[in-house]
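Structure, as structure tokens:
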Amino acid sequence: DTGVSQDPRHKITKRGQNVTFRCDPISEHNRLYWYRQTLGQGPEFLTYFQNEAQLEKSRLLSDRFSAERPKGSFSTLEIQRTEQGDSAMYLCASSSRGNSENYGYTFGSGTRLTVV
Amino acid sequence: GENVEQHPSTLSVQEGDSAVIKCTYSDSASNYFPWYKQELGKRPQLIIDIRSNVGEKKDQRIAVTLNKTAKHFSLHITETQPEDSAVYFCAARSFSGGGADGLTFGKGTHLIIQP
């Protein structure tokens, strides 16, 4: 396990279609986060999970977005009825908490979504 | 919610000189402040972080300082090298509870090291 993996790396879809992205975190990390990054901006928080529980969702996460982490391991982010404004890089990150003093995130390489 | 401001948006320095990037935050409950480096087309990578019980932290050529009273923190890179060229993001995170555990990022600083 060398890091956070995201699939696919790139996705081009037509407006109105549904897309689903997958994230595999570092195995010993119990926290998983989704962020969105547009060109020239910092990552924007979307949602996060502790184990399988989704603990917080940003206002940015409209009803068309849903995220799951069914077994507390990998996570999926689905966007329904995509819009051109959804075009962005979707970043997944994981971290551990508890005994470790390291609260830093490890980011995946992201999924670049282009809605045409 | 938290708001993080980052300056400058672009910073050009001569190789070997020092670079300083500054951030301010709004939520006095924030107590964890990481810095990320993102090269073009790559993932953000954590380079250094600081917690609110510490005023300064150093790791080789990189240092971060935190002023809790003024709610600002800075990244210092000494003896800059071409490989330091990248976009740098500061972030703030609150452990004040209520489930709020997402990092709030600044808009980034594009650091350019001139040879």
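Annotation for A:Glu68: atom CD does not count as buried by contact number, only 12 or fewer foreign heavy atoms lying within 6.0 Å. Residue B:Glu15 qualifies as enclosed at atom CD: its count of foreign heavy atoms under 6.0 Å is above 12. For A:Ile12, the CD1 atom counts as loosely surrounded, since its 6.0 Å shell holds 12 or fewer non-hydrogen atoms of other residues, nucleotides or ligands. A 6.0 Å sphere centred on CZ of A:Arg15 holds no more than 12 heavy atoms belonging to other residues, nucleotides or ligands. With a 6.0 Å radius and a threshold of 12 heavy atoms from other residues, nucleotides or ligands, B:Glu83 has its CD atom above the threshold.
Ranking A:Pro43, A:Gly110, A:Gly40, A:Ser58 against chain B, the residue ahead of the rest is A:Pro43, based on heavy-atom pairs under 4.5 Å. Per-residue heavy-atom pair counts under 4.5 Å with chain B were compared for A:Gln6, A:Gln41, A:Met89, and the maximum is reached by A:Gln41. Most heavy-atom pairs under 4.5 Å with chain A: of the set B:Cys90, B:Pro34, B:Pro44, B:Ser9, this distinction falls to B:Pro44.
Both the backbone and the side chain of B:Lys107 come within less than 4.5 Å of a heavy atom in chain A. At a 4.5 Å heavy-atom cutoff, the contact between B:Gln38 and chain A is made by side-chain atoms alone. For chain B, the nearby part of A:Gln37 is the side chain; its heavy atoms alone come within less than 4.5 Å.
A single hydrophobic cluster is seen to contain both A:Phe21 and A:Val115, as judged by linkage of ILVMFWY side chains at heavy-atom distances under 4.5 Å, directly or through other members.
Each of A:Tyr35, A:Phe45, A:Tyr105, A:Tyr33 was compared with B:Phe105 under the ring pair (Phe, Tyr, Trp, His ring centres under 6.0 Å) criterion, and only A:Tyr35 meets it.
Contact detail for B:Arg43 and A:Gly108: the closest heavy-atom pair is CB-O, 3.1 Å.
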